[in-house]
Structures are given as C-alpha cells and as structure tokens.
Q: 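Sharing a structure below in structure tokens format, with a few things to ask.
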Amino acid sequence: DVAELLTPMLTDGPREESLQLVSEIKDSSCSCTVDVSTVWWEAAGSRELRVVTASESAVSLWEPLAPDCWGKVYTWHLGEIPVIQIVPLLDACNLVCVALGELEIGEIRLLLYSSETDSFKHSLVKTGNIKAVVGLKDQRLVSSSRTMQEHQVEMVLLSETGGSKDRQTLMPPEETVTAFAEVEGMREALVGTTAGNTVVVWNLKTGQLLRKMNIGYSYPASICHRAYSDSGLLFVVLSHPHAKESESCGSPAFRVVAFNPRTGRSAGVMFSCLPPGHVGRQYLEGDVWDTTGAAVLTSGAVAVWDLLRGRCAAVLPPGPGGHWALARWAAGGAGLLAGRRDGTFHLYRY
Amino acid sequence: CNESDLGPISLNWFEELSAEAPL
C-alpha cells in the first residue's frame with residue numbers, strides 16, 4: 001500500500017503539498033503515452049510555452065486556452081516506426097524533435113510549422129543505430145550511433161525549416177555513449193557517460209575528446225543529466241537507475257560528483273536517495289532541471305529532490321487514476337509534468 | 001571536496017586540455 005509507505009515521510013520531510021496542481025491534459029485519443037515535454041512556440045507575434053505529448057504513433061501540440069485548460073493544436077501522425085522519446089531543444093522555438101525506433105532509436109525527426117506552405121510538417125534529420133541523443137542550446141543536436149563496424153558521435157546544427165545547417169563529427173570514445181549533457185555556461189563543452197562507466201568530455205568546436213574519467217564501479221549504468229564547471233572542477237549530476245541499496249546511503253537516485261578534468265580524479269559531493277520505505281531497485285526514469293531532480297518510482301509515485309542538499313522535497317503518490325509513468329520538468333522552470341500511460345498529464349507548480 | 005584528493009586544479013582546464021588533446 002503506497003499510502004502506508006509514504007505516511008512516515010509526509011510527517012517528516014517531503015510533502016505532496018510542495019507540488020500544486022495547476023492543470024490537467026487528457027488526451028482521449030492516446031492509448032499508450034511514451035513521453036511529454038514542453039516547447040516554446042511563437043504564433044501571431046506572441047511566444048508561449050506549449051505542451052507536447054507523444055504516443056507510439058503520434059505527437060500532439062497543446063496550447064493554453066485558459067489558466068487551467070489546454071486545447072490540442074495539431075497532431076503529427078508519424079507512420080509505422082514507433083516514437084521512443086521527445087528530445088527537448090532547450091531554447092528552440094517552433095521546433096519539436098522526436099526519436100523513433102523499435103528497440104533502439106532508428107531515426108530522429110523534426111516536427112514543425114512551415115509558414116511558407118502554411119502547414120505542419122516533419123522532416124528526417126538522422127538515421128542509424130542511435131544509442132543516445134541530446135538537444136543543446138542554439139538548435140544543436142548531438143547523437144551517438146554504433147554498428148559493429150563504426151562508432152560515430154555527431155553534432156548537427158538544425159535549421160528553422162527542418163533541415164541541417166552544419167555537421168561536426170566528434171571523436172568517439174571506445175565504449176558506447178549512453179547519455180549526453182551540455183556543460184552549462186560553456187557553449188563548446190559537452191560531457192557524456194559511457195557503457196564502461198566513464199564520464200567523457202568533448203570540445204564541440206574542434207570535435208576533440210578531451211578527457212575520459214572513471215565514475216567507479218559501485219554504480220553501474222550511470223546516466224549524466226546536467227553538468228557545470230565551477231572553480232576548476234566539473235560537477236556532473238548522475239542518475240543511477242540500477243543502483244542497489246547500501247547501508248551507508250540507502251538507494252541513490254541521483255548523485256552530484258565533482259571531477260577534476262586536469263587529473264581525472266573525482267569525489268562525491270551529494271547523494272539524493274529514495275524516500276524511506278522505498279527499497280531495492282525503485283527508480284524507473286527521471287529528469288533534472290537546475291538543481292532539482294524528479295523520478296518515477298516503481299511504486300507509481302513521483303519523487304522530487306533538491307540535489308544540492310540531497311533532500312527528497314516532495315512525493316506525488318499514484319492517484320486513483322493509476323501509477324505515474326513519466327516525470328518531466330517544463331522548460332523555463334515552469335513546473336513539473338507528470339504523465340500516466342492512459343494519456344493523462346498533470347502540470348504541477350513546484 | 002578535499003582538493004588534495006582531486007589533485008592540482010586549473011581554472012582554465014578546458015583550454016589547456018584542448019591545447020593538449022589530439023585533433
């Protein structure tokens with residue numbers, strides 16, 4: 001009983017009240033939700049934040065009609081290849097990026113509105129055996145793809161009309177790249193995590209692989225979410241979907257690790273552990289915005305952490321409508337989007 | 001963090017590593 005599990009916590013820390021429900025989106029045509037995100041959209045001279053929802057076969061754009069009400073603007077139907085995820089393009093406007101594929105990403109497409117033809121359309125940006133993809137500031141997209149013969153890491157500069165303006169190949173590490181994160185405040189720096197449990201650093205301008213640093217084997221399959229450089233150290237927010245519970249720190253969902261890029265040495269800065277009562281492998285998927293992390297737990301609840309203090313700040317239990325399946329931060333710190341598989345999404349102010 | 005555990009720190013690590021790494 002999830003409510004019973006959460007009772008000790010609600011009196012002693014994270015509170016559901018920290019998350020205030022702002023509005024609900026119910027997509028009755030969506031039978032199996034795969035992702036939710038936000039996008040800046042400019043229409044008739046005004047720029048506003050819109051919600052993007054994805055099912056396996058279609059992606060829908062929602063506009064705010066009233067403070068607590070959303071209306072569907074358009075739905076892109078994408079054919080036979082299922083949608084796997086929406087790839088947020090942080091500061092892009094009127095551009096939605098999606099990854100499609102079966103077991104892994106096979107193609108990346110841009111969804112957009114063309115003022116030339118006065119119609120919504122989609123275009124192909126990349127195909128391949130794509131292992132990881134990330135959207136960066138200034139309409140840049142980085143992806144890693146791997147076949148038996150070739151390992152490629154590439155940055156694509158996207159155009160507003162759905163094409164690519166430029167491409168830059170980055171030097172691949174030996175191991176498969178599992179995730180990327182932009183280094184905030186350093187436009188040309190990018191970090192990635194690999195299947196060999198290392199953090200790698202690239203120079204995006206030259207394509208150089210600058211450094212490979214060991215994370216440590218106690219937390220396999222770590223994924224990087226965010227990075228920033230301060231006082232000569234590189235701070236990386238990692239999540240640990242497969243971490244096991246230990247006596248010293250419980251079950252870490254997120255960890256902030258400081259790396260010295262000069263020496264490759266690292267030190268743990270802060271753990272963010274699962275709330276009490278949640279044991280074992282409980283983390284399904286998560287998202288990081290600024291210094292807050294959110295994750296869906298196997299109980300069907302969503303937990304929110306203050307990553308710098310290592311404190312679980314809020315827990316959203318599964319409601320009568322069912323378990324939560326997705327947790328995403330809205331762009332610009334506009335709130336938390338929680339989604340269920342049945343096409344129900346809640347926007348919370350945090 | 002304990003600086004001695006992490007070794008000598010450079011504020012210009014990105015530029016320095018870019019100058020040293022193979023192109």
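Naming: A, B, ... by sequence-line order, numbering from 1 per chain.
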Q: Checking side chain to side chain donor-acceptor pair (under 3.5 Å) against A:N129, which of A:Q152, A:E104, A:R146 comes through?
A: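 Exactly one candidate clears the test, A:E104.
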
Q: Mind checking whether A:F254 and A:H225 have parallel, tilted or perpendicular rings, split at 30° and 60°?
A: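 The rings of A:F254 and A:H225 stand perpendicular, inter-plane angle above 60°.
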
Q: Establish, from distance only, whether the side-chain atoms of B:E16 and B:S10 form a donor-acceptor pair under 3.5 Å.
A: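 Yes, side-chain donor-acceptor contact under 3.5 Å.
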
Q: Against chain B, label A:V183 side chain, backbone, both or neither, depending on which of its atoms sit under 4.5 Å from a heavy atom there.
A: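 No part of it gets close to chain B.
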
Q: Find the one option among A:G264, A:S266, A:P261, A:A189 whose heavy-atom pairs under 4.5 Å with chain B are most numerous.
A: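 Ranked by contacts with chain B, first place is A:P261.
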
Q: Quick one, A:W202 and A:F180 - any side-chain contact, counting heavy atoms below 4.5 Å?
A: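 Yes, side chains in contact.
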
Q: Given the options A:L210, A:T263, A:V201, A:T206, which has more heavy-atom pairs under 4.5 Å with chain B than any of the others?
A: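 Looking at each of A:L210, A:T263, A:V201, A:T206 in turn, A:L210 comes out on top.
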
Q: Between A:L209 and chain B, which part of the residue has a heavy atom less than 4.5 Å away: side chain, backbone, both or neither?
A: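 Answer is backbone: N, CA, C or O of A:L209 sit under 4.5 Å from chain B.
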
